[in-house]
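Proteins come first, then strands; the chains are lettered A, B, ... in the order of their sequence lines, and each starts at number 1.
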Amino acid sequence: MTSLAMIILTAALVNNVVLNQFLGLCSFLGVSKQLKTAASLSGAVIFVITIASGVANLIYTYVLSPLGLDYLQTIVFILVIAALVQVVEMFLKKAAPAVHSALGIYLPLITTNCAVLGVALTNVTNGYDFFQSIFAGFGTAMGFTIAIVLLAGIRERIQDNDVPAPFQGAPIVLLSACLMAIAFCGFGGLNLG
Amino acid sequence: MNSNMERIYNGIVKENPIFIMMLGMCPTLAVTVSATNGLGMGVSTLCVLVMSNFIISLMRKIIPDQVRLPAYIVIVASLVTVVQLLIQAFVSSLYAALGIYIPLIVVNCIILGRAEAFAAKNDPVSSVFDGIGMGLGFTIALTIIGLARELFGNGTAFGFQVMPSFYQPISIITSAPGAFLVLAIIITIMNGASISTAANDKVEGCDGCCATCGKSCKKEENA
């Protein structure tokens, strides 16, 4: 279970961040109307979660833990994530303007995406080291990407269909998510031990 | 006093954070496997919300506008840490059941949303009542969803057997897909009864970030 590939697979499929752990639901439901925007958001999420997991791990291991300040982890992590998102945005603006214009508007929103804080805290709970944290973060972000891109695809199809009036809007989206969650339950049967 | 009662009514019924505003979805779906968990999560959020509204309202003239969101986040995160330590010390069974979702109250959209939409503009007393109203609305909604899931998925309510013994529990309701299903059914019923809910608009258009949602939606309207 501890090998890095297993960590990625578990985080992406078995414990899918959206469909199994309900993290990042706001953007999952809110930004999944079009495939293109969903994909752009996913790009930004992969970027931020992977870096944030690594940085959060370093800070926990070398600052909070030696000083016995574990109980401050929530405050420190959320600040680190907020600062990191700012830094990433400024860096991208300078270094990769094309990427920035594609992901730009989604970056600030990620601060309050609970998946980012959730992964950082889960990594500490699981006792992951630096590389395990980064891989877990990457896997989680991949799981988010898979879920939101699939849902966006489904929603683009739903638009052409005649949905009964009471089900229009949120209910049909939630029902689609429900069916996806049932499908992802199947991954629970994978024996990754 | 009258307007304070109005704040509470507003939070529970008119702007119910879950059924009408559709904020704070993550804990809503994640912890409501039983009515007890829903209630515990609701009360924890209520405490944080009342205190954060109070403190932010007190400090609303001191905090510079440019750095208000980071300042709010620090205040909320400190309060959440306090609540988390208290739960861990006094209600350890709840702590085990809610787990990671307690620290995640920090990024619960309702708290930053109310700070931004109400506490930053109003006096401390009405902010406290706004917090109580919104918190109660959240608690009631979580308890209802938790009760429904526990009842049909497990045949119990608050841990007591209530369904007759021939009832076969539908176990999928208490697992992950059931959360989406129950919420979908509740909103469908509300749509059918023509209760207008922002849930549909939110899924239809908003940028999907709850904390900045009110703000950015308004911007779009102005533009």
Side-chain angles (χ1 to χ4, degrees), chain A residues 16 19-33 37 41 71-79 81-83 105-106 108-118 121-122 125 155 164-185 188, chain B residues 22-31 69-70 73-74 76-78 80-81 84-85 99-109 112 172 175-193 197 199-213 216:
Chain A
N16 186 282
L19 297 169
N20 198 300
Q21 305 192 63
F22 304 108
L23 300 177
L25 266 183
C26 293
S27 36
F28 178 67
L29 297 175
V31 196
S32 56
K33 206 180 173 198
T37 44
L41 175 78
Y71 62 92
L72 285 180
Q73 62 181 23
T74 313
I75 304 177
V76 172
F77 284 177
I78 189 78
L79 285 178
I81 291 167
I105 51 166
Y106 300 107
L109 308 183
I110 294 176
T111 311
T112 46
N113 186 332
C114 46
V116 188
L117 183 61
L121 292 169
T122 314
T125 317
R155 287 185 65 179
F167 282 94
Q168 278 170 14
I172 192 73
V173 178
L174 288 168
L175 282 178
S176 315
C178 169
L179 293 176
M180 285 170 65
I182 293 176
F184 271 75
C185 276
Chain B
M22 208 160 163
L23 295 172
M25 284 292 111
C26 310
T28 311
L29 296 182
V31 303
L69 280 181
I73 290 180
V74 175
V76 175
S78 320
V80 167
T81 307
Q84 180 183 5
L85 292 174
I100 189 175
Y101 296 98
I102 299 175
L104 285 178
I105 296 176
V106 178
V107 280
N108 188 324
C109 324
L112 275 181
I172 199 163
S175 62
F180 290 109
L181 185 64
V182 169
L183 190 65
I185 291 172
I186 291 176
I187 298 179
T188 308
I189 293 172
M190 288 175 67
N191 277 351
T197 146
N200 300 315
D201 307 336
K202 178 172 168 126
V203 176
E204 283 306 314
C206 205
D207 57 26
C209 168
C210 319
T212 53
C213 188
S216 49

Open item on the list: Using a 4.5 angstrom heavy-atom cutoff, name the option from S78(B), P27(B), P70(B) with the most pairs to chain A.
Closed with: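 Among the listed options, the one with the most contacts to chain A is S78(B).
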Open item on the list: Let's test your reading of the structure: which of V80(B), L29(B), V106(B) forms the most heavy-atom pairs below 4.5 Å with chain A?
Closed with: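 Winner by heavy-atom pair count: L29(B).
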Open item on the list: Under the rule for side chain to side chain contact (heavy atoms under 4.5 Å, CB included), what residues qualify as partners of A82(A), not counting sequence neighbours?
Closed with: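 A82(A) satisfies side chain to side chain contact (heavy atoms under 4.5 Å, CB included) with T111(A) only.
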- [ ] Quick one: list whatever passes side chain to side chain contact (heavy atoms under 4.5 Å, CB included) with C178(A), sequence neighbours left out.
- [x]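 By the side chain to side chain contact (heavy atoms under 4.5 Å, CB included) rule, C178(A) matches I182(A), P177(B), F180(B), L181(B).
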With a 4.5 Å heavy-atom cut-off, do [X] and [Y] have their side chains touching?
{"X": "I100(B)", "Y": "T122(A)", "answer": "yes"}
{"X": "L104(B)", "Y": "F22(A)", "answer": "no"}
{"X": "L174(A)", "Y": "I185(B)", "answer": "no"}
{"X": "L72(A)", "Y": "T81(B)", "answer": "no"}

Task: Residue part contacting chain A, namely of I186(B), when any heavy atom lies under 4.5 Å - done: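 Contact with chain A: none, neither part.
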Task: Heavy-atom contact with chain B under 4.5 Å, split by part of Q73(A) - done: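 Neither; nothing under 4.5 Å.
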Task: Under 4.5 Å from a heavy atom of chain B, the part of L79(A) involved - done: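 For L79(A), the contact with chain B is made by the side chain alone.
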Open item on the list: Can you confirm whether more than 12 heavy atoms, excluding those of F184(A), are under 6.0 Å from its CZ atom?
Closed with: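 Above 12, so yes.
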Which heavy atom in [X] sits nearest to a heavy atom in [Y], and how many Å separate them?
{"X": "P103(B)", "Y": "L121(A)", "result": "CB-CD1, 3.6 Å"}
{"X": "N191(B)", "Y": "P166(A)", "result": "ND2-O, 2.9 Å"}
{"X": "A176(B)", "Y": "L19(A)", "result": "CB-O, 3.4 Å"}

